[in-house]
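Shown next, in structure tokens, is the structure this report addresses.
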Amino acid sequence: MRFKSLKGIQDILPPETHIWQRIEHISRDIFKKYGYKEIRLPIIEATDVFIRSIGETTDIVEKEMYTFTDKGSRSVTLRPEGTAPFVRAFVEHHLYNEPSPQKYYYLGPMYRYERPQAGRQRQFHQIGVEALGVEDSKLDAEVISMLSTLLKTIGLKDVQLEITSIGCIKCRPDYRAALKEFLRDKLNNFCDDCKRRYDINPLRILDCKVPTCIENRKGAPSVINFLCDDCKKHFEGVQRYLNLLKVPHIINPNLVRGLDYYTRTTFEVKSSSLGAQNAVAAGGRYNKLVEEFDGPPTPGIGFAIGVERVISLVKETPHEHESPDLFLCTLGHEASEKSIVLAEQLRNRGLWVEMNYDESSLRSQMRKADRIHAKNVIVLGEDELKKGKVVMKDMQGKKETKVELDAEEILKVLQKKK
RNA sequence: GUGAGUGUAGCUCAACUGGUUAGAGCAUCUGACUGUGGCUCAGAGGGUCGGGGGUUCGACUCCCCUCACUCACCCCA
């Protein structure tokens, strides 16, 4: 084969596209009730948009971005996530002047240059929301609750919501220092990856899956104990409201996010039946990000769900194939000309009409009508043209009825049957 | 970037220890006294056996290289 889609970049074909449409529909429906409006953002941005927000030393920026130089010698990047472009647009269009909270959602493809595996491709899709202008923990709980009902409505079972607070710029450095202090003398017992993480992102060590690392990090200080008063209060609020809303969740202080912009609340929805990439949705609060983009101090919180991962968890019952209302069989050139017009007239009146395009036998045309599960068939030949009446056959009941050769009449008969 | 596994028709799979024109089921298209579907029967199209090189009289089968896919590490949605 000469041409193939690129590695990790897949075509999405029917019938799978039906599942996509369903999920998108449910999402829009739920977001609307919470006051979120759709925002459509570019797929490509100045590279700096991502470096500034995601963090220079994160893996995403260091090795996973589709970055290239355009014809005007600008460094541009295919978006690896949605929050950075969103905040850029938020500031660029002064959306902070809208009544707060400002709530937006988006959906579309993201790009990360990684080795594909189960639940991970280079082009993948996210449905994300962002809510800005409110710092109160009620908003955190509302956002998380919305995510929870969204996933439930889509039909996901056996997913766990984990939350934590990673503090703010005031308290996080203290925790980081305490953690490094704790790890310093035992570092030799950790895996090579963890040794590397110690300098780059020591919090990651809390997330390592190697058994010896899990053993060795026992007794490590917990972020939660290092939260400053404000962060502590905020986190308690989140938990209180989540309980009020009856959103099942567990607190996982070892939850680590790969993007630098998060502050305070972070959360992740995991599934055990996904393989190694087990997060279906994740998000958190970002109270300093708008300022990073030279906007006014504006707190924000958001999440993104991985559409492909959600879909792999949805056990779709093989849905009924959709079927045409009518198939037109034609015999002879004149009938063929008549039917292309008739088909168009009926379609304009709202029917799904298929027709025969060549000179094949009636048997073969009937077979075709059956294969595409047409509900009704009309045979149009010389006799019918002469008499001005056609025979319409119900493909399930096998009943044949005579109908005037006229779009309105045909429409009437078909509507009566519905 | 690292490691392991897998590559034969659109799909699922065959082909004895290397042996002649690589097969089947499903799917697609066509036909079965000529204007009526689903079942049955018959037929057709569709493969450079992932690609290249080597060994051999002879390679889908053995060896080397390469590519692709899959899973895992890493990282994340």
Side-chain angles (χ1 to χ4, degrees), chain A residues 1-2 4-8 10 13 54 58-65 79-83 107-128 147 151 159 191-194 196-197 200-201 204 207-210 255-259 267-271 274-284 302-313 327 329-332 335 356 358-385 390-400:
Chain A
M1 207 175 300
R2 200 142 107 90
K4 280 187 177 173
S5 69
L6 296 173
K7 183 199 277 280
Q10 278 153 351
L13 309 171
I54 298 171
T58 58
D59 275 48
I60 294 179
V61 167
E62 275 189 338
K63 44 189 199 192
E64 295 173 4
M65 295 209 302
R79 64 182 185 193
E81 58 104 41
T83 300
L107 41 92
M110 306 292 162
Y111 301 84
R112 255 118 102 159
Y113 195 89
E114 302 176 88
R115 282 287 275 273
Q117 69 181 77
R120 189 172 80 185
Q121 39 282 129
R122 290 181 174 181
Q123 176 184 277
F124 61 100
H125 294 74
Q126 289 189 339
I127 298 176
L147 172 60
L151 295 179
V159 291
C191 69
D192 288 347
D193 284 324
C194 281
R196 194 171 46 80
R197 287 169 181 137
I200 305 164
N201 187 354
R204 269 251 114 73
D207 203 31
C208 184
K209 294 162 198 150
V210 177
L255 195 63
V256 180
R257 313 270 57 242
L259 295 81
F267 53 95
E268 194 164 301
V269 177
K270 294 179 180 173
S271 164
L274 263 183
Q277 313 302 320
N278 62 358
V280 292
F303 66 74
I305 75 177
V307 180
E308 282 85 352
R309 291 185 187 176
V310 166
I311 284 176
S312 73
L313 288 176
F327 185 92
C329 294
T330 61
L331 294 160
N356 179 58
D358 51 30
E359 300 277 314
S360 46
S361 70
L362 185 57
R363 176 196 290 275
S364 145
Q365 294 186 45
M366 286 300 287
R367 197 182 302 187
K368 164 87 84 187
D370 184 60
R371 298 235 166 118
I372 64 175
H373 307 102
K375 296 190 188 87
N376 299 280
V377 170
I378 277 179
V379 179
L380 192 48
E382 285 169 25
D383 286 358
E384 286 77 8
L385 282 174
V390 293
V391 170
M392 185 159 71
K393 181 171 188 175
D394 182 304
M395 292 299 271
Q396 273 176 342
K398 285 186 170 182
K399 270 182 219 151
E400 297 196 355

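Just so it is clear: chains get the letters A, B, ... in the order the sequence lines come, proteins before strands, and each one is counted from 1.
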Point to revise | Gap in Å between the two P atoms, one belonging to A27(B) and one to U12(B), rounded | key: 15 Å

Which protein N or O atoms sit under 3.5 Å from an N or O of nucleotides 7-11 of chain B?
none

Practice item. Whole angstrom is fine here: how far is it from CD in Gln121(A) over to P in C71(B)? Key: 9 Å

Practice item. Identify the two heavy atoms, one from Ala335(A) and one from Leu380(A), that lie closest to each other, and give their separation to 0.1 Å. Key: CB-O, 3.2 Å

Practice item. Would you tell me if any nitrogen or oxygen in the side chain of Arg363(A) comes within less than 4.0 Å of OP1 or OP2 on C33(B)? Key: yes

Check your understanding: Can a side chain N or O of Ser361(A) be found less than 4.0 Å away from OP1 or OP2 on G31(B)?
Key -> yes

Check your understanding: Is any side-chain nitrogen or oxygen of Lys7(A) closer than 4.0 Å to OP1 or OP2 of C69(B)?
Key -> yes

Exercise for review: Using the P atoms only, state how far A72(B) lies from G31(B), rounded to an integer number of Å.
Suggested key: 49 Å

Practice item. Indicate whether OP1 or OP2 belonging to C29(B) is found under 4.0 Å from a side-chain N or O atom of Arg371(A). Key: yes

N/O donor to acceptor pairs below 3.5 angstrom from side-chain atoms of residues 121-128 of chain A, sequence neighbours left out:
| residue | atom | partner | partner atom | Å |
| --- | --- | --- | --- | --- |
| Arg122(A) | NE | Glu114(A) | O | 2.7 |
| Arg122(A) | NH2 | Glu114(A) | O | 3.4 |
| Gln123(A) | OE1 | Tyr111(A) | OH | 2.9 |
| His125(A) | ND1 | Glu308(A) | OE2 | 2.8 |

Point to revise | Rounded C1' spacing from C60(B) to C13(B) in Å | key: 14 Å

Practice item. Report yes if at least one side-chain N or O of Lys4(A) is closer than 4.0 Å to OP1 or OP2 of G50(B); otherwise report no. Key: no

Practice item. Pick base, sugar-phosphate or nothing for Glu384(A), based on heavy-atom distances below 4.0 Å to the nucleic acid. Key: base

Check your understanding: So, is Gln117(A) close to the A4(B) phosphate, meaning a side-chain N or O under 4.0 Å from OP1 or OP2?
Key -> no

Check your understanding: Hey, is the side chain of Gln277(A) poking within less than 4.0 Å of OP1 or OP2 on C75(B), counting only N and O atoms?
Key -> no

Exercise for review: Considering only atom C1', compute the distance from U61(B) to G23(B) and round it to an integer number of Å.
Suggested key: 16 Å

Exercise for review: Looking at every strand, decide which applies to Val379(A) at a 4.0 Å heavy-atom threshold: base, sugar-phosphate, or nothing.
Suggested key: base

**Study point:** Donor-acceptor under 3.5 Å (Arg115(A) side chain, Gly8(A) main chain)
**Key:** no

